[in-house]
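Some notes on the structure that comes next.
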Amino acid sequence: MEKNSTQNRVDQIMPKLSLEEKASLCSGRDDWSTKPLERLDVPWIWLSDGPHGLRRAPFTNTSGYGDQLPATCFPTASALAATWDLDLIYKVGQALGEECQALDVNVLLGPGVNIKRSVLGGRNFEFFSEDPVLSGELGAAFINGVQSQGVGTSLKHFVANNVETMRMFANSNLDTRTLHEIYLTPFEIAVKKSQPWTIMACYNRVQGVYGTQSPGLLTDVLKNDWGFEGIVISDWFAVVDRVEGVKAGMHIEMPGVGTVNDSLIVEAVKIGILDENVLDNLVREILTIVLKAKSLEKDGADQNIEGHHAFARQVAAESATLLKNENGILPLSKDKYKKVAIIGEFAANPRFQGNGSSEVKPTKLDNILDILKNEYGNEIEITYAQGYNLTNDHDYSLIGDAKIAAAGADIAVVFAGLPLHYESEGIDRTHIDLPPSHNKLISEIAGVQKNTVVVLTNGSAVAMPWVNEVDGILETWLAGQAGAGGILDVLFGKVNPSGKLAETFPVKLEDTPAFLNFPAEQGEVLYGERIFVGYRYYDKKKTEPLFPFGYGLSYTTFEFDNISVSASDFTDVEGVTVSLTVKNTGFVKGKEVVQLYISDKECSLSRPEKELKRFTKVELEPNEKTTISFKLEARDFSFFDSRRKMWIAESGDFTLAFGSSSRDIRQAVDVTLNSTQKVPLTFDEFTFFREYWENKQTREILKTLVPAWINNFVPEGKTLDEAQFNAFLIDQPMVKFPYITKGEISFEQVNELVKKSSEITFTP
Ligand code: BGC
C-alpha cells in the first residue's frame, strides 16, 4: 500500500521536474539534510550519525560535531560484535530507531561493516569484526532493528575502507577475489538480508576508482548483482567527480556544498555527456526514499531515556568478554573478598566510546565507583586509587599509592585501557600497546596482590605483556554510557559472561596480517595478505595469537556432542544440514556462542584453513541441553573466481567443524560436495598451451586444428594423445605460438582455438 502510494507520487512529480531541479535533488541542502522542493511539495529528510547512538545536531546546518542533543550511547560496534547475538543487536537497532523518531531523524548513519584488516585501523572500534560473515550478519540485524521503527540506515563505508591515513585519497589496491570474499561479503549479506535505505560510498579509491564514482561497485555489484533498492549517499566530502558519480549510480552528494556540482550535472546533460535517463533513475529513487521516510515519521515518539539506559547496561554486560579466569578468581563475591581495591582512573572517569563522527552526547554517564558504592557498598569494603594519569602516559607517580591500596585488600581490580586519543576516526594507531603507565601499574599491582583482575577498556585489540602475571582479564571494550553497571554485573556474577572475540588479539604487532603493508605507501594501500585476514592469517601461518577469534570464557562450561549431517554426500543444489547438541555442564546458567567453520580439503585455489559460516548463541540452565542445526548452501562452500567473475562451489571433501572458538574445535565431520554447477572454461589467447593440452575438450580442438604440428612431438608408433612436448613449449601462452612455431601455427588458428574453447563449460 505504502509503496504504491509513494510510487504514485513519484510518478506524478517526475515529469514536472526541470533539469535543474533534478540535479539539485542529487546533493544535500546542508550538513545533515536533503534538499526539499517546495514547488512540488517534496520534503527534506534528516540524516545523522551513528552508529551506536544518535549524534543529532541542534539544526540541520550545524556543521561539525556541534552541540548535539543528548542520546543514549550504546556500546560501540566492537562491543556489540562481541555479543555475537543477532536478537540483541536487532533490539539495539530498535532502540536507536526509537530515538531517531523522538529526535526527528529519518536516517541513522550506520552501521559500519568494514573489515578490521589491521589492528591499527583508527576506526576499528566503530566496526564489527575481521570476519565477513559475522560483520554482515550483525550489520543486517542492526539495520532490520532500526528500520523496523520507520527510520532508515546508511550502511557504510562502501567499500574496502580500512585505513584512516590519507583516507580521502588512499587507493585500496586489492585483488578481485579478496575484494569479493572478504570486503564485499559483509555488505552483500546486509543488503540482501535487510535492504538498508541508504548506503554510504567511501572516501577511498578501490582498485584505482573512487568509491563515489565506481560503476563497477555502485551499479554492477550493488544494484545489478545484489538487487539493492535504496540510494547511495557519499561519505561527507567524498565526492571527487560528480558527473562520473551520477553515471556510476551515486545518488546524493553529502553534505550540501553549494551548487557547483549541481550545475556540472546540468551542464553534462546539456552537452550530451550524461544521459538524462540516468539522472532520472537516480532522482526517482531519491524521491522514493525521501517520501517513504517522511511517510513513516511518528509524531510525539518517546526517547525512552530511562529504558534505553537500562538496556544499554544489559548490552554492555552481554559484550564483556572474559579472557582469563585462573583459579576461578571471578566472579567477585563478598564471601571470598571482603575488601576490594579498585585501581585506575577509568573506574571514576570512564572511557565509554570512540573519537570522531560517532561521538554521542550521552543522556547520563555511569561510573564504576558510584555504582559499586550504591549497589555493593553495604556488602564489601571498597578502596580506590587513581593509579595513572590520563593526561600523561609516562607519569608513574600514582603507582605507589595504588600498590598500598592493592596490598591492603583481598583482591585488586585494575581498570586500564586506551585513553580517548589512542583510537580515533581520521588517524590510525602506530602500535597496539597500552600506555606505559597502565602496563607498569598492572605488573606492579600483580607483584603485591596475588588476586589481581584487569578490566580492559579499549575499542580494538591491545598487547598484554603482563598476561601471565594476573589471574583475571575481562575485556569490556567501549561499553557505552551504562557500561559501568554492565561490567559490575559480570564481575559480580549477576550476568554470566558470554562475549566472544570478534577480532583476533595478537601477541605483538609484528604477528598481524597487514603488518608489512599498513597503512600505505604514498596513498597506495597494498592488501598483500589477500584473503588471509584475521584468523585466516594466523591459521595459515600457524601463528599463536594471544587470544583467538571467537574466544571468550564463561562461569560455566559447555559440552558439544552428537554432530550429525543430513547427508554425507550432497550436491550444491541440495546443500546440507549439520546439527549439534550443546549442554551446559556447569553449575550456573550461561550462554554459549556455537561457531560453525568450513574447511575445503582440496581446492584449485589456495583457501583459508577454515572459515566461519554460521553461528548462534544459546542460553542454557545447568544440565540443560539443546540441539542446533544449520543449513548450508552452495555459497558457503564457494570461493570467488576472479577470472570468471563468479562464485564457484567446487566438488570435493569439506570439513564442517563446530567450535567454541576458532582455536577450540570440539566436533567435526567430513562431507562431500558434488557440484552440478556449469562454469565457463574462460581459456583465451593468454592461456598456456599446457592448460589447453591437459583439458580433454580443448585437446580435441587442438588435435583437429593443428594435427601436423602436434605430430612432430609424437614418439614413433604412438598416437597424437601421447605427444611429448618440451617444457619450454608447454608453458607458453598460446598467443606466442605463431612465432615460436615460425608460422606453423597461425594467428587465425589461435583465434579459432580461443573461439571454440569459449563455448565450453565444465563442472568444477
Ligand atoms: C565519516 C562518516 C560519517 C560522516 C558524517 C565522515 O567523516 O566517515 O562515517 O557518517 O562523516 O559525520
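Numbers for residues simply follow the sequence, beginning at 1. All ligand and atom numbering here is 1-based and tracks the order in the structure.
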Listed partners of Phe518 passing ring-ring contact (aromatic ring centres under 6.0 Å, His included), at least two apart:
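Checked Phe518 against ring-ring contact (aromatic ring centres under 6.0 Å, His included); zero matches.
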
Pair listing, salt bridge (Lys or Arg N to Asp or Glu O under 4.0 Å) test, anchored in residues 24-38, at least two apart:
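Sorted pair list: Lys35-Asp262.
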
Assess whether ring pair (Phe, Tyr, Trp, His ring centres under 6.0 Å) is satisfied between Tyr537 and Phe532, documenting all intermediate values.
CA-CA 4 Å; Tyr537 177 85; Phe532 301 102; 8.0 Å; no

Could you list the residues that satisfy salt bridge (charged side-chain N to carboxylate O under 4.0 Å, His left out) with Glu188, not counting sequence neighbours?
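Glu188 satisfies salt bridge (charged side-chain N to carboxylate O under 4.0 Å, His left out) with Lys192, Arg635 only.
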
How about Trp32 and Trp236: are their ring centres within less than 6.0 Å of each other?
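Ring centres of Trp236 and Trp32 closer than 6.0 Å.
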
Just by modelled atom types, is the Leu155 backbone N or O under 3.5 Å from a matching donor or acceptor in the Thr153 side chain?
no

Show me, by chain and number, every protein residue that has a heavy-atom distance under 4.0 Å to ligand 1.
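Answer by chain and number: Trp32, Asp49, Arg55, Leu109, Arg123, Lys156, His157, Arg167, Met200, Tyr203, Asp235, Trp236, Ser357, Glu425.
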
